[in-house]
Enquirer: 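Attaching a single structure in structure tokens format; questions to follow.
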Amino acid sequence: MSDSAADLEALVVDLIARDAVKVPPYPAVAMRLQKLIMGGNFGIQDVVKLTSEDQSLSANLLRIANSPNYRGVDKITSLQAAVGRIGGQEVGRIALALSVGAQAAASGALATLRRKAWRQSLAGAVLCHHLAIQRKFGAEEAFVCGLLHDFGRVLAVAAFEELLAQKKDTHERPESEWTALIDRFHVELGIVTAARWNLPDLLASVISAHHQPALAGVYKPMVDVVIASDAIVALIEANPSITVADLGGVALSDPEKQLITQLAPKIPGFIASLDEVAAAAPEPAQPPRSQVAHERTKLQGSPKTAAFPGQILKADSQIPFEAAYATHSGLAFRIKDRIKENNVARLKIEPAGAPPFEFFVNVIMCAPDGAGHLAEGKLFALDGEAKSRWDKLFAALA
């Protein structure tokens, strides 16, 4: 660790000691929705009434209801119709995800790391929810635990950004160095959040013990679910697709492994629908310069030239691009305007001599390139068919 990074670490220690960490406002409406849903005795009108108390949330739910992940035949124009299409329980989960992820789209020197933390928390929340169903306990509670157990990462990013501005520190550091600093504080800052928000004992225990399960006491079953979801998220981040064999080192039953291979390809659509809402938030005319050092390329594997058109598919638009090169792990493409790194995007490509097909990527890099930008998208949780088509396409490239 560099001397300047050690200085930043000492300053965060001081912030925590003085109880001076800035914590976002308590997501009151979202938490009330969760409480309503966990109670089980609710109707659509109850969800609509609560949701309507937050105008921003209501508008975002309309956007999400019309996103590719939820879109029906007709465009939704009312909150009641949006809740009806998405479903009351899913609305509760989305409301909480949007509330705690409100900073995901914020500009900042470490914005890419903030979005990465949010993406991983969303994936973990979905996995926890379904694993809890399989293990027959607290599925809604598990979603909240998956979403919030690493929320300290978001606070760590915000704290470092604030300190960088105060010190007028403009140094770029490798992502690995920033990640080590964030990991150093994420549990402590999560505990700070639990105290400020007065979270239930279950959540507070999961936040404090998810790296030390022996300390979880009666909440160990939930901590075990969170630990398993974290391991699965790491595999999803590292591999283009997930197989049962990939899950061999994770503490899962055979039926759970089968469940995860079927569930993983559905996660990108959920994340992308929320990313699109977050991306709609206005940015300043001159966003702060990123202080995460850029690599020349972040795609793993030997590149092959790729020359075919494609589009990023949005809820109500398509953004054209031209493929530039590909590796076994993803696609690089040239695009006019900058797109945010660490967002999940749905791509449609049209290679010559092959039918078009769609798949999800995590945008791992976007850098100026001539009059436009060069982006790299890492394959993200492809299903078996999409992975097979990608492998054939890549093999056919010169």
Side-chain angles (χ1 to χ4, degrees), residues 34 37-38 40 69 87 89-90 92-94 96-97 116-151 153 187 190 200 202-203 205-274 344 359-360 362 378-388:
Q34 277 294 314
I37 289 165
M38 287 178 192
N69 203 46
Q89 290 185 324
E90 183 81 344
R93 293 190 283 271
I94 289 171
L96 186 59
K116 181 177 182 179
W118 193 55
R119 182 187 73 243
Q120 293 175 342
S121 292
L122 289 174
V126 173
L127 290 162
C128 284
H129 175 77
H130 286 274
L131 284 175
I133 292 174
Q134 191 79 0
R135 298 183 186 188
K136 295 181 170 53
F137 67 84
E140 297 304 325
E141 291 93 335
F143 181 91
V144 180
C145 288
L147 189 69
L148 292 181
H149 76 281
D150 271 342
F151 188 65
R153 296 185 191 279
V187 172
L202 169 63
L203 269 170
S205 295
V206 168
I207 289 169
S208 63
H210 67 276
H211 290 296
Q212 296 179 292
L215 304 179
V218 297
Y219 302 115
K220 189 174 183 300
M222 187 66 81
V223 169
D224 288 342
V225 164
V226 168
I227 290 172
S229 78
D230 281 348
I232 298 164
V233 169
L235 288 170
I236 290 174
E237 295 269 308
N239 299 284
S241 63
I242 295 296
T243 66
V244 169
D246 294 324
L247 297 168
V250 185
L252 300 169
S253 67
D254 288 342
E256 286 173 342
K257 291 176 184 177
Q258 293 289 344
L259 168 71
I260 296 305
T261 60
Q262 297 166 19
L263 174 64
K266 299 176 182 178
I267 291 174
F270 176 74
I271 297 175
S273 65
L274 300 189
V344 174
F359 54 94
F360 285 97
N362 170 31
K378 185 178 184 300
L379 302 177
F380 191 60
L382 271 59
D383 62 24
E385 180 182 355
K387 179 61 165 55
S388 176

Enquirer: Where is the tightest heavy-atom contact between Ala132 and Ala142, given as atom of each residue plus distance?
Expert: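 That would be CB-CB, 3.5 Å.
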Enquirer: Does any part of the side chain of Val126, heavy atoms only, come nearer than 4.5 Å to the side chain of Leu122, both counted from C-beta?
Expert: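 A side-chain contact under 4.5 Å is absent here.
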Enquirer: Examine distances only and state if a side-chain atom of His210 and a backbone atom of Ile207 form a donor-acceptor pair shorter than 3.5 Å.
Expert: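 Side chain of His210 to backbone of Ile207, a donor-acceptor pair under 3.5 Å: yes, one is there.
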Enquirer: Of all heavy-atom pairs between Thr261 and Leu247, which one has the smallest distance, and what is that distance?
Expert: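 Looks like CG2-CD1, 4.1 Å.
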Enquirer: What distance separates Gln134 CD from Lys136 NZ, expressed to the nearest 0.5 Å?
Expert: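 Interatomic distance, Gln134 CD to Lys136 NZ, rounded to 0.5 Å: 6.5 Å.
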Enquirer: Quick one: closest heavy-atom pair of Leu131 and Ser229, and the distance?
Expert: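 Heavy atoms of Leu131 and Ser229 come nearest at CD1-N, 4.4 Å.
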Enquirer: Answer yes or no: is there a side-chain heavy-atom contact under 4.5 Å between Trp118 and Leu274?
Expert: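 Yes - at least one pair of side-chain heavy atoms lies under 4.5 Å apart.
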Enquirer: Could you tell me whether the side chain of His129 and the main chain of Ala139 form a donor-acceptor pair under 3.5 Å?
Expert: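 Side chain of His129 to backbone of Ala139, a donor-acceptor pair under 3.5 Å: yes, one is there.
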Enquirer: Is the shortest side-chain heavy-atom distance between Val223 and Ser205 below 4.5 Å?
Expert: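 No, their side chains stay 4.5 Å or more apart.
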Enquirer: What distance separates Ile232 CD1 from Leu252 CG, expressed to the nearest 0.5 Å?
Expert: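 The distance works out to 4.5 Å.
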Enquirer: Could you tell me which non-hydrogen atom of Arg153 sits nearest to which non-hydrogen atom of Ala117, and how far apart they are?
Expert: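 Residues Arg153 and Ala117, closest heavy atoms: CB-CB, 4.0 Å.
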Enquirer: Determine yes or no for a side-chain-to-main-chain donor-acceptor pair under 3.5 angstrom, with Lys378 supplying the side chain and Glu237 the backbone.
Expert: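 Yes: the side chain of Lys378 pairs with the backbone of Glu237.
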Enquirer: So, the side chain of Gln34 versus the backbone of Gly92: is there a donor-acceptor pair under 3.5 Å, distance only?
Expert: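 Yes, the answer is positive, given that a donor and an acceptor are paired below the 3.5 Å cut-off.
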Enquirer: side-chain contact (heavy atoms from CB on, under 4.5 Å), that's the test. Do Val250 and Leu235 meet it? Break it down for me.
Expert: CA-CA 10 Å; Val250 185; Leu235 288 170; 3.9 Å; yes
Enquirer: So how far is it from Ile236 CD1 to Leu379 CG, rounded to the nearest 0.5 Å?
Expert: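 One gets 13.5 Å once the value is rounded to the nearest 0.5 Å.
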Enquirer: Apply side-chain contact (heavy atoms from CB on, under 4.5 Å) to residues Leu127 and Ile267 and explain how you reach the verdict.
Expert: CA-CA 9 Å; Leu127 290 162; Ile267 291 174; 3.9 Å; yes
Enquirer: Measuring from atom CG of Asp224 to atom OH of Tyr219, what distance do you get when rounded to the nearest 0.5 angstrom?
Expert: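 Going from the CG atom of Asp224 to the OH atom of Tyr219 covers 15.0 Å.
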Enquirer: Would you mind reporting whether Phe143 and Gln89 have side-chain heavy atoms less than 4.5 Å apart?
Expert: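 Gln89 does not reach Phe143 side chain to side chain.
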Enquirer: Passes side-chain contact (heavy atoms from CB on, under 4.5 Å), Leu202 versus Cys145? Steps please.
Expert: CA-CA 8 Å; Leu202 169 63; Cys145 288; 4.1 Å; yes
Enquirer: What I'd like to find out is whether the side chain of Ile227 reaches to under 4.5 Å of the side chain of Pro213, using heavy atoms alone.
Expert: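 They are in contact (side-chain heavy atoms under 4.5 Å apart), so the answer is yes.
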Enquirer: Would a distance-only check, ignoring hydrogens and angles, find a side-chain to backbone donor-acceptor pair under 3.5 Å from Asp383 to Ala386?
Expert: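 Between the backbone of Ala386 and the side chain of Asp383 there is a qualifying donor-acceptor contact (under 3.5 Å).
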Enquirer: With a 4.5 Å limit on heavy-atom distance, are the side chains of Leu259 and Ile133 in contact?
Expert: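 When only atoms from C-beta onward are counted, Ile133 and Leu259 do not touch, as no gap falls below 4.5 Å.
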Enquirer: If you take all heavy atoms of Phe137 and Pro221, which pair is closest and at what distance?
Expert: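 Closest approach of Phe137 to Pro221, heavy atoms only: CZ-O, 3.7 Å.
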Enquirer: Less than 4.5 Å apart, any side-chain heavy atom of Pro265 and any of Leu382?
Expert: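 No, every pair of side-chain atoms sits at 4.5 Å or beyond.
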Enquirer: Once you round to the nearest 0.5 Å, how far does CZ of Phe270 lie from CZ of Arg93?
Expert: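 Reported value, rounded in 0.5 Å steps: 7.5 Å.
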Enquirer: Quick check for you: to the nearest 0.5 Å, what is the distance between Lys266 atom NZ and His130 atom NE2?
Expert: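 Nearest 0.5 Å value for the NZ-NE2 distance: 7.5 Å.
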Enquirer: Is there a side-chain contact between Gln212 and Val187, using heavy atoms and a 4.5 Å cut-off?
Expert: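 In short, these two side chains do not touch, never coming nearer than 4.5 Å.
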Enquirer: Of all heavy-atom pairs between Phe360 and Ala272, which one has the smallest distance, and what is that distance?
Expert: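 What the structure gives for the nearest pair is CE2-CB, 3.8 Å.
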